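In listed order, ligands and their atoms are each counted from 1. Just so it is clear, the structure is predicted and the values come from calculations on it, not from any experiment.
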Amino acid sequence: MQTAANPIAERISTISVSSTSRVAAEAERLRSSGADVVDFGAGEPDFPTPDNIKQAAIRALDQNFTKYTATGGTAELKKAVCERHRLDFGTDYKPSECMVTVGGKHAIFNLTQALVNAGDEVIIPSPYWVTYKDVVNYAGGRCVFVETGEEQGFAVTAALIEQHITPRTRMVIVNSPSNPSGAVVDQGEFEKIFRLTSERGIYLMTDECYCKFLYAGEPFSIASHAGAKETVLVAGSLSKTYAMTGWRIGFALAPEAVIGAMMKLQSHSTSNPTSISQKAAVEALRGPQDSVAAMLAEYRRRRDFVVARLRQIPGVRCAEPQGAFYAYPNVVVAIGAEGIRNTLQFSERLLAEDQVAVVPGEAFGTNRHVRISYATSMKELARGLDRIHQFVVRHS
Ligand SMILES: Cc1ncc(COP(=O)(O)O)c(C=O)c1O
């Protein structure tokens with residue numbers, strides 16, 4: 001059999017392997033060979049899914065709720081998503097403006113593929129979550145990165161975004177609280193960003209994946225602003241809020257025409273998200289919400305510990321994360337010495353020498369930081385931070 005000259009389709013070359021998965025794979029390889037690895041790489045809650053949610057899935061199985069559902073999710077779940085968003089943020093979405101996806105990532109993928117044309121520019125504040133870049137590239141769009149300052153805690157501003165708007169700007173993506181930096185865009189600034197984009201007919205995608213994990217102030221959604229529904233696109237996820245990463249349930253809230261376009265795409269790719277997960281998601285959204293507050297309290301305790309501990313390491317700086325469960329310390333003090341030329345090498349050496357997995361800043365568009373996920377126990381945090389301390393001291 002002859003091999004094709006280009007065995008893989010060209011569009012696949014527009015995307016890269018997520019560096020977060022790469023670190024996880026290497027950490028896993030070391031762990032399975034018996035090494036005592038402390039893993040700060042994983043971007044997922046260490047808590048189990050709350051019991052009431054698991055019970056709803058068991059009931060779904062017992063009732064044989066195991067068939068295809070409507071592509072964009074059951075009517076019951078879409079209603080529950082709209083209701084939860086209304087109760088939490090005061091929005092007024094109808095089920096026809098809602099669709100359920102296979103995780104929040106899938107909502108972002110569908111939204112991008114449905115709206116970005118070849119050559120369109122998409123503004124992405126940096127540091128950014130890895131996937132935005134790849135899904136925009138995959139759609140043929142052009143990423144325009146907006147560098148945010150460490151001194152401002154990495155929070156993007158309307159003024160910064162405005163400097164990057166051109167006639168080709170199609171969409172702005174804001175992720176608050178942010179993965180990887182934990183930065184939060186406050187409500188006043190978010191409203192300015194909304195006005196800036198809506199006046200120009202530019203879509204504003206708000207990735208609300210971490211919206212409940214905010215350490216100060218009340219969670220809000222820019223979608224509740226008057227007139228927001230025309231240009232604001234909400235990408236939501238149950239993964240982090242309810243510790244449901246493996247269940248794969250996310251959603252989009254958007255104008256009906258956009259939902260229709262996404263639905264077409266989804267109908268030819270995944271079809272519906274898993275029926276059993278959808279029943280569990282209804283319970284997550286409609287049932288008791290106290291597990292969310294309990295997780296937030298624990299994340300706050302860990303954040304305070306991690307930031308204080310990082311700041312004890314000579315030369316390491318760390319902006320205080322205002323949300324999510326990541327710290328993004330500046331480790332430039334250990335770069336340049338002993339052959340460590342960038343944060344990728346920093347992370348590789350840290351894993352090889354001291355068995356701590358962190359994600360290099362290059363994955364998120366910066367070159368002086370690493371991401372530490374504190375969605376892990378205090379015991380692991382203490383162990384891992386002691387090792388990072390020793391590693392930095394040894395290499396600076
Ligand atoms: C910023 C951000 N958005 C969206 C997601 C998507 O999460 P999921 O696809 O698990 O719902 C993640 C997951 O890590 C994330 O960090």
Side-chain angles (χ1 to χ4, degrees), residues 17-24 39-47 49 53 73 77 81 84 99-113 122 124-136 143 148 154-156 171-185 204-214 219 221 233-253 262 266 269-270 273-274 277-278 280-281 284-285 292 295 299 321-328 359 361 363-365 371-376:
V17 178
S18 146
S19 338
T20 44
S21 331
R22 218 156 56 200
V23 175
D39 193 353
F40 293 160
E44 65 177 337
D46 55 320
F47 304 106
T49 304
I53 301 174
L77 179 52
V81 168
R84 181 84 259 151
M99 106 177 248
V100 183
T101 54
V102 185
K105 191 179 268 191
H106 191 207
I108 294 163
F109 182 84
N110 283 350
L111 280 164
T112 318
Q113 302 311 307
V122 178
I124 302 173
S126 164
Y128 48 79
W129 182 48
V130 278
T131 290
Y132 304 136
K133 169 171 75 60
D134 290 291
V135 295
V136 168
C143 298
T148 60
F154 300 105
V156 73
M171 186 187 283
V172 173
I173 301 179
V174 176
N175 170 219
S176 173
S178 148
N179 174 7
S181 68
V184 167
V185 178
L204 173 58
M205 188 203 290
T206 168
D207 179 348
E208 298 185 347
C209 181
Y210 299 95
C211 64
K212 294 292 179 67
F213 298 138
L214 203 63
S221 172
L233 315 161
V234 176
S237 169
L238 276 69
S239 293
K240 322 281 171 160
T241 312
Y242 300 105
M244 290 180 73
T245 45
W247 300 73
R248 309 311 301 136
I249 296 289
F251 59 87
L253 298 167
M262 292 168 70
Q266 185 156 311
S269 50
T270 59
T274 306
S277 295
Q278 290 192 59
L285 296 165
V292 184
M295 284 190 267
Y299 288 142
Q322 302 299 310
F325 43 66
Y326 307 104
Y328 203 54
V359 185
F364 311 106
R371 189 192 76 177
I372 291 176
S373 164
Y374 48 88
T376 187

What do you reckon, does [X] have a nitrogen or oxygen under 3.5 Å from a nitrogen or oxygen of ligand 1?
X      : answer
Ile249 : no
Tyr210 : yes
Asn175 : no
Tyr326 : no

Geometric class of the Tyr299/Phe325 ring pair [parallel <30°, tilted 30-60°, perpendicular >60°]: tilted
Any side-chain heavy-atom pair from [X] and [Y] closer than 4.5 angstrom?
X      : Y      : value
Val122 : Cys143 : no
Tyr328 : Phe364 : yes
Asn179 : Asp207 : no
Thr112 : Tyr132 : no
Thr49  : Trp247 : yes
Met295 : Lys240 : no
Leu204 : Val174 : yes
Leu253 : Val81  : yes

Counting heavy atoms under 4.0 Å, the part of His106 that contacts ligand 1 is neither
Answer side chain, backbone, both or neither: which part of Phe325 comes under 4.0 Å from ligand 1, heavy atoms only. neither
Show the nearest heavy-atom pair for residues Tyr210 and Asn175, with the distance to one decimal. CD1-ND2, 4.4 Å
Pull out every atom of ligand 1 sitting under 4.0 Å from any heavy atom of [X], numbered as shown with elements.
X      : value
Arg248 : 8 (P), 9 (O), 10 (O)
Gly103 : 9 (O), 11 (O)
Lys240 : 13 (C), 14 (O)
Tyr132 : 1 (C)
Gly104 : 8 (P), 9 (O), 11 (O)

Using heavy atoms and a 4.0 Å limit, tell me yes or no: is Tyr128 in contact with ligand 1? no
Looking only at heavy atoms of Thr245, does any of them come nearer than 4.0 Å to an atom of ligand 1? no
Which of the listed options, Ile108, Asp207, Thr241, holds the heavy atom that is closest to atom 1 (C) of ligand 1? Asp207
For atom 11 (O) of ligand 1, which candidate among Ser237, Ser178, Gly250, Ala235 provides the closest heavy atom? Ser237
Quick check against the 3.5 Å criterion: does Ser176 have a side-chain atom that pairs as donor or acceptor with the backbone of Ser178? no
What is the closest protein heavy atom to atom 12 (C) of ligand 1, and at what distance does it sit? Trp129 CZ2, 3.3 Å
May I ask you to identify the nearest protein heavy atom to atom 6 (C) of ligand 1, giving residue, atom name and distance to one decimal place in Å? Lys105 N, 3.6 Å
